[in-house]
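Encoded as structure tokens, the structure appears first; notes follow it.
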Amino acid sequence: MSIVESIKKAAEKLTGIARPGTSRLADLVRQRKANAFRFKDDGLVPNHPSWPLIVYRGAVTLPDDLDPAAVFEELFKANGWGGSWRNGIYDYVHYHSRIHEALGIARGTAKVRFGGDKGRALTVKAGDVAVLPAGTGHQRLSASDDFLVVGAYPPSGTYDECTKPEQHAEALRMIPKVSRPRKDPVYGRDGPLLKAWGER
């Protein structure tokens, strides 16, 4: 997280300025279709054997009087996804084998390849949310200068970052053990994510 974003986040938490309250937060969420993308194991990136990447296009309205990063932080927190950070997306292929990840696009646009080198490049923009099941490769290919992401995680799981071929075998063992979250990071208990990530 940049120094500027760290200071902004700390000041907003302290004062409440530019952060949405609970009642307003509900008005900022728009019902959107869950766009599902499935990827095969490519030998480096295992991806998830059962659950797809979910992308919600334009799911969150970002008014000018609120910090867009704070909107995503509060939304994810309200749905039980914590450990939030503000940054971009790494420009190298990586994945998490022990935890799922939600990425809220707070500002700008980017082309991100999901699923590894044989995956799919998608353009994401402010207001979009991508929810990555454990094992899903992701890499920023290009981005606008103002690109900013808020990431968050469900309460179960442990953060790790996998980039090397020698991590693949252990990742294959760990990914299926990461439990399904109880709530969709955008839509809560009744969100489309829970249907898309049905019980195995």
Side-chain angles (χ1 to χ4, degrees), residues 1 22 25-26 29 31-57 59-60 71-87 89-90 93-105 112-116 118-120 122 124 128-139 149-200:
M1 186 182 325
T22 307
L25 193 58
V29 176
Q31 290 300 314
R32 291 294 186 251
K33 174 186 170 189
N35 297 287
F37 302 89
R38 296 182 183 276
F39 307 108
K40 294 182 179 178
D41 184 336
D42 69 5
L44 173 66
V45 176
N47 293 299
H48 199 283
S50 305
W51 298 337
L53 162 74
I54 295 296
V55 177
Y56 297 122
R57 299 282 188 191
V60 181
V71 171
F72 280 111
E73 288 164 355
E74 292 299 323
L75 177 61
F76 292 157
K77 179 181 169 187
N79 289 310
W81 289 59
S84 67
W85 49 263
R86 300 180 182 191
N87 207 334
I89 296 174
Y90 295 137
V93 179
H94 64 289
Y95 62 93
H96 313 297
S97 70
R98 298 170 183 259
I99 201 162
H100 310 305
E101 184 173 47
L103 302 174
I105 312 305
V112 180
R113 184 165 52 215
F114 295 98
K118 296 180 182 177
R120 183 164 175 181
L122 301 175
V124 293
D128 292 349
V129 178
V131 191
L132 291 64
T136 304
H138 45 300
Q139 172 188 17
V149 175
V150 172
Y153 307 93
S156 60
T158 304
Y159 182 86
D160 67 342
E161 185 181 311
C162 302
T163 59
K164 300 173 183 169
E166 55 266 30
Q167 295 172 298
H168 186 264
E170 176 65 6
L172 287 177
R173 190 176 72 80
M174 294 307 301
I175 290 165
K177 295 182 179 183
V178 182
S179 62
R180 185 178 78 152
R182 291 184 176 180
K183 292 183 180 180
D184 183 309
V186 179
Y187 301 108
R189 291 192 187 280
D190 299 321
L193 178 77
L194 303 184
K195 185 175 181 182
W197 291 7
E199 296 294 346
R200 288 179 279 241

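Here the structure is a predicted model, which means the values were calculated and not measured. Just so you know, these numbers use all the heavy atoms, side chains as well, and skip hydrogens, waters and symmetry mates. One-based numbering along the sequence shown.
To the nearest 0.5 Å, the span separating CG on Asp41 from CG on Leu172 amounts to 5.5 Å. Here OH of Tyr95 is found 9.5 Å from CG of Asn47. Values are rounded to the nearest 0.5 Å. To the nearest 0.5 Å, atom CZ of residue Arg189 and atom CG of residue Asn79 are 9.5 Å apart. Note that the CD atom of Gln167 and the CG atom of Asp160 stand 7.5 Å from one another [nearest 0.5 Å]. Expressed to the nearest 0.5 Å, how far NZ of Lys177 lies from OG of Ser156 amounts to 14.5 Å.
His138 approaches Leu132 most closely through the heavy-atom pair ND1-CD2, 3.3 Å. Pairing each heavy atom of Leu193 with each of Pro181, the nearest pair is CD2-CG, 4.1 Å. Residues Ile89 and His94 approach most closely at CG2-CE1, 4.5 Å, considering heavy atoms. Shortest non-hydrogen contact noted between Tyr56 and Val131 is CE1-CG2, 4.4 Å. In plain terms, the two heavy atoms of Pro155 and Gly80 that are nearest each other are CD-O, 3.1 Å. In terms of heavy atoms, Ile175 sits closest to Ala134 at CG2-O, 3.4 Å.
Of the possible donor and acceptor atoms, none in the side chain of Trp85 sits under 3.5 Å from a partner among the backbone N and O of Val150. For the pair Asp184 (side chain) and Asp190 (backbone), a donor-acceptor distance under 3.5 Å is absent. Remark: side-chain polar atoms of Trp81 are paired, donor with acceptor, to backbone N or O of Lys183 under 3.5 angstrom.
Using a 4.5 Å heavy-atom cutoff, the side chains of Phe37 and Thr136 are not in contact. Taking 4.5 Å as the limit, every side-chain heavy atom of Phe39 sits out of range of all side-chain heavy atoms of Lys118. Between Leu25 and Leu75, some side-chain heavy-atom pair lies under the 4.5 Å cut-off. Using a 4.5 Å heavy-atom threshold, the side chains of Arg120 and Arg113 count as separate. The shortest distance between side-chain heavy atoms of Glu170 and Arg98 falls below 4.5 Å. Between Ile54 and Pro192, the closest side-chain pair of non-hydrogen atoms is not below 4.5 Å. Using a 4.5 Å heavy-atom cutoff, the side chains of Val124 and Arg57 are in contact. Looking at heavy atoms from C-beta onward, Leu103 lies out of side-chain contact with Val112 at the 4.5 angstrom threshold.
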For this session: Would you please test Leu53 and Leu122 for side chain to side chain contact (heavy atoms under 4.5 Å, CB included) and show each step?
Result: CA-CA 12 Å; Leu53 162 74; Leu122 301 175; 4.3 Å; yes
Problem set entry | side chain to side chain contact (heavy atoms under 4.5 Å, CB included) between Tyr187 and Leu194, intermediate numbers included | CA-CA 10 Å; Tyr187 301 108; Leu194 303 184; over 6 Å; no
Problem set entry | Candidate pair Val149 and Ile105, rule side chain to side chain contact (heavy atoms under 4.5 Å, CB included), full reasoning | CA-CA 5 Å; Val149 175; Ile105 312 305; 3.9 Å; yes
For this session: Would you sort out whether Glu101 and Tyr153 count as a side chain to side chain donor-acceptor pair (under 3.5 Å), showing the intermediate values?
Result: CA-CA 5 Å; Glu101 184 173 47; Tyr153 307 93; 2.7 Å; yes
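When the shell of 6.0 Å around OH of Tyr90 is examined, it contains 12 or fewer heavy atoms from other residues, nucleotides or ligands.
Aromatic rings of Trp51 and His100 (six-membered ring for Trp) have centroids within the 6.0 Å cut-off, being under it.
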